[in-house]
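Before any comments, here is the structure.
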There are 2 protein chains.
Amino acid sequence: MSRITLQDLAYELNISVSTVSKALKGYPDVSEKTKKAVVELADKLNFSPNIVASNLRTQHTKTIGVIVPEIVHHFFSNVIGGIINIAEQNGYMVILLQSNEKFELEQKQINLLIQQQVDGILMSLTAHTTSFEHIKRVQTRGIPLVMYDKVSKNINCSKVIIDDKQAAYDAVSYLIRKGYKRIAFLGGSLTAQNFNNRFLGYKEALSEFRIKYDESIVYITDSDDEYENGMKYAEKIVSDHSKSKVDALFTVTDLMAVGASKYFNSNEIKIPEDIAIFGFSNWFMSSIVTPSLSTVNQPGYEMGEKSVELLLKEIALKKERQQIEIQRLVIPTSLEIREST
Amino acid sequence: MSRITLQDLAYELNISVSTVSKALKGYPDVSEKTKKAVVELADKLNFSPNIVASNLRTQHTKTIGVIVPEIVHHFFSNVIGGIINIAEQNGYMVILLQSNEKFELEQKQINLLIQQQVDGILMSLTAHTTSFEHIKRVQTRGIPLVMYDKVSKNINCSKVIIDDKQAAYDAVSYLIRKGYKRIAFLGGSLTAQNFNNRFLGYKEALSEFRIKYDESIVYITDSDDEYENGMKYAEKIVSDHSKSKVDALFTVTDLMAVGASKYFNSNEIKIPEDIAIFGFSNWFMSSIVTPSLSTVNQPGYEMGEKSVELLLKEIALKKERQQIEIQRLVIPTSLEIREST
DNA sequence: TTGTATGCGTTATCAC
DNA sequence: GTGATAACGCATACAA
């Protein structure tokens with residue numbers, strides 16, 4: 001019950017604490033005999049080293065802090081899965097924090113992670129982060145930092161992202177090549193960097209194929225419930241324009257697409273005959289809805305993996321007092337073509 | 001860059017380290033004047049206490065360890081969300097570990113958490129955990145432990161679960177009352193405690209309503225891909241029995257239900273007219289598929305919340321050297337009735 | 001009100 | 001090959 005320490009082992013074996021420590025860590029300058037005795041006793045007494053003490057002494061914690069906007073999100077839970085698996089494989093533990101898209105929380109959490117002496121931080125910004133003092137504080141302290149998915153050009157650190165603009169461009173180009181001519185856009189607030197880039201990709205594809213950009217078929221949702229919005233704006237599209245005029249819909253998230261799909265389905269509007277739908281993210285559900293949804297595959301798990309790998313590399317570099325080199329990693333996306341287009 | 005410590009502050013202000021410490025912690029026995037000076041300097045220098053040192057001194061880390069079988073799972077990511085939010089509100093951080101349903105990993109992770117000196121552990125067992133030495137080790141060390149969802153009667157600790165049997169009983173009773181008479185069962189391996197209990201609930205409902213239990217309409221899947229299995233066994237049900245004979249299907253997970261639904265949809269078998277479907281868990285997707293799926297609502301977020309609350313209470317009790325009282329908390333489920341029944 | 005002294009459990013340096 | 005000793009940064013009992 002009362003924790004057993006190096007001292008206890010030392011006392012029991014009548015040797016010094018330092019010898020015990022060395023024996024347990026496999027130092028070469030300990031005789032096989034004592035080493036064996038120590039290990040055996042440690043085993044017998046179920047000795048478990050106090051990492052906190054070790055951390056204090058060695059000045060590193062083998063722990064990284066991860067801030068995620070929202071865990072319950074197919075994409076982010078995938079990212080987290082990737083992060084945790086790779087971290088674990090490299091002997092690092094993960095402290096997970098959820099900002100819930102609140103700036104104040106993000107600030108507080110950064111401070112907590114600094115106090116915890118984490119060896120590095122992995123973060124995705126909230127949609128409302130416009131000031132960066134807290135993040136700069138991480139950097140002035142020399143704590144390695146990597147941002148993923150929602151990043152900012154205001155911070156000079158390594159970043160792991162997808163090319164939203166290109167991905168949207170690819171999706172819309174695909175629709176155009178497939179023969180669709182009046183492609184509506186449904187997006188969330190364009191202040192969000194990602195959504196804005198997807199909008200840019202949409203526009204670029206149109207212009208590339210000499211299709212006139214028409215503001216009247218560009219819809220920006222006003223609330224946060226993407227599924228609801230999908231249904232609502234699908235209805236709006238139909239009422240604003242005779243359905244023969246809009247023949248395809250590109251949405252910035254799968255959830256909106258599925259919402260729209262639900263509306264069309266229950267109103268006898270055929271997908272993709274009457275209107276095609278293209279989503280974004282490749283959430284699991286997009287493969288199982290009817291009709292299954294064409295979408296942009298956004299590989300969350302891989303993004304998580306790459307992010308930690310980068311962070312771990314920077315941590316190692318810092319330990320060796322070497323210069324770290326800032327990277328910008330773009331995870332390739334792909335089109336997942338299904339029944340809705 | 002070089003971390004600043006209490007010593008630095010003390011030196012700067014020409015006072016002792018202990019006074020600085022007390023000032024920062026708001027001890028009553030420090031004059032307002034020095035307190036103010038200390039706080040101001042700390043602010044100015046951006047002082048951030050080294051929690052690791054504090055942890056070593058105080059013998060607690062304000063950290064809890066959480067082991068989850070699989071993060072990328074709507075249910076579990078909800079649980080984690082609940083855990084993290086409540087933990088944070090109480091000043092605790094969460095170290096998240098994923099066992100990936102591997103027993104060896106679970107063992108290793110328990111050891112890691114012990115070494116990390118976490119104040120408590122929250123865990124859900126892998127499907128393959130049949131030995132419990134590692135968990136007993138947690139208890140002999142006096143580390144508060146709470147199990148959630150996948151629990152074992154072999155460990156005497158507080159548990160937070162749902163009543164699987166009752167929930168299944170409710171669902172099947174509902175189907176019977178609605179007039180369905182030949183209700184098939186589709187489940188995963190019955191060695192999994194939860195699935196087995198759901199099966200028991202199914203049987204009990206039948207017997208309660210004097211419907212003869214018929215083994216020929218009980219299907220146990222053989223692989224792990226629930227969605228695939230849903231489709232596969234839906235087909236099997238149709239081919240084994242003329243469709244007029246089975247008029248409803250109860251599955252132990254939403255994913256199987258959705259798979260089955262997909263098969264019926266694409267084979268002109270009408271839901272619920274030809275066959276009704278009832279799922280289990282209330283994953284988000286069940287509300288958006290067509291037809292939307294009736295299911296058992298299994299409140300993950302709440303389970304997460306209750307679990308930490310219990311754990312935190314036990315941690316507090318332990319700190320005050322009071323007896324902890326083992327609890328068994330059953331989170332109520334409910335039926336979510338939708339279009340599929 | 002302030003300061004002194006000590007310890008939390010490890011690791012690492014240096015002497016023996 | 002082994003051990004004494006100091007240090008990591010903070011918290012607290014006790015003395016002043």
Side-chain angles (χ1 to χ4, degrees), chain A residues 1-39 41-42 45-63 112 114-119 141 319, chain B residues 1-39 41-42 45-63 112 114-119 141-143 319:
Chain A
M1 171 75 217
S2 67
R3 288 168 162 45
I4 116 140
T5 70
L6 290 187
Q7 286 217 51
D8 300 331
L9 300 183
Y11 177 80
E12 193 83 7
L13 295 171
N14 253 306
I15 55 178
S16 78
V17 176
S18 34
T19 306
V20 176
S21 172
K22 288 174 191 161
L24 252 17
K25 312 224 80 169
Y27 266 58
D29 60 346
V30 177
S31 76
E32 276 308 318
K33 206 181 70 189
T34 57
K35 183 181 290 184
K36 185 155 164 262
V38 169
V39 171
L41 183 64
L45 298 186
N46 239 305
F47 169 74
S48 175
N50 183 331
I51 298 234
V52 173
S54 168
N55 287 346
L56 178 59
R57 183 65 236 254
T58 61
Q59 306 280 47
H60 62 244
T61 54
K62 286 279 196 175
T63 296
L112 285 175
I114 291 175
Q115 293 178 194
Q116 285 283 348
Q117 317 287 117
V118 294
D119 290 348
R141 284 192 155 67
K319 207 161 144 193
Chain B
M1 170 75 216
S2 67
R3 286 165 163 49
I4 116 142
T5 70
L6 289 187
Q7 285 217 51
D8 300 330
L9 299 183
Y11 177 81
E12 193 82 8
L13 295 170
N14 252 305
I15 56 179
S16 78
V17 176
S18 46
T19 307
V20 175
S21 172
K22 288 173 192 162
L24 252 16
K25 313 222 78 168
Y27 266 59
D29 60 347
V30 177
S31 74
E32 276 308 317
K33 206 180 73 191
T34 57
K35 184 182 290 184
K36 187 156 162 261
V38 170
V39 171
L41 183 63
L45 298 186
N46 240 306
F47 170 73
S48 174
N50 182 331
I51 299 234
V52 173
S54 168
N55 288 345
L56 178 58
R57 179 65 233 259
T58 60
Q59 305 282 47
H60 60 243
T61 55
K62 286 280 197 171
T63 296
L112 284 175
I114 292 175
Q115 294 179 195
Q116 284 285 345
Q117 316 287 116
V118 294
D119 290 347
R141 272 167 216 274
I143 302 174
K319 206 160 143 193

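Proteins come first, then strands; the chains are lettered A, B, ... in the order of their sequence lines, and each starts at number 1.
- Residues Phe47(B) and Leu6(B) form a side-chain contact, since some pair of their non-hydrogen atoms from C-beta on lies under 4.5 Å apart.
- In terms of heavy atoms, Arg141(B) sits closest to Ile114(B) at CD-CG2, 3.4 Å.
- Distance CG (Leu13(A)) to P (dG1(D)): 18 Å, rounded to an integer number of Å.
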Protein-proximity profile, nucleotides 8-16 of chain D, B/S/- by nucleotide at the 4.0 Å heavy-atom cutoff, equals BBBBBB---

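- Gln116(B) and Thr61(B) get closest at one heavy-atom pair: O-CG2, 3.9 Å.
- Looking at Asn50(B) and Thr5(B), their side chains never come closer than 4.5 Å, going by heavy atoms from C-beta outward.
- Computed from coordinates, the Glu32(B) CD to dT2(C) C1' distance equals 15 Å when rounded to whole Å.
- Side chains of Asn55(B) and Thr63(B) form no contact here, defined as non-hydrogen atoms less than 4.5 Å apart.
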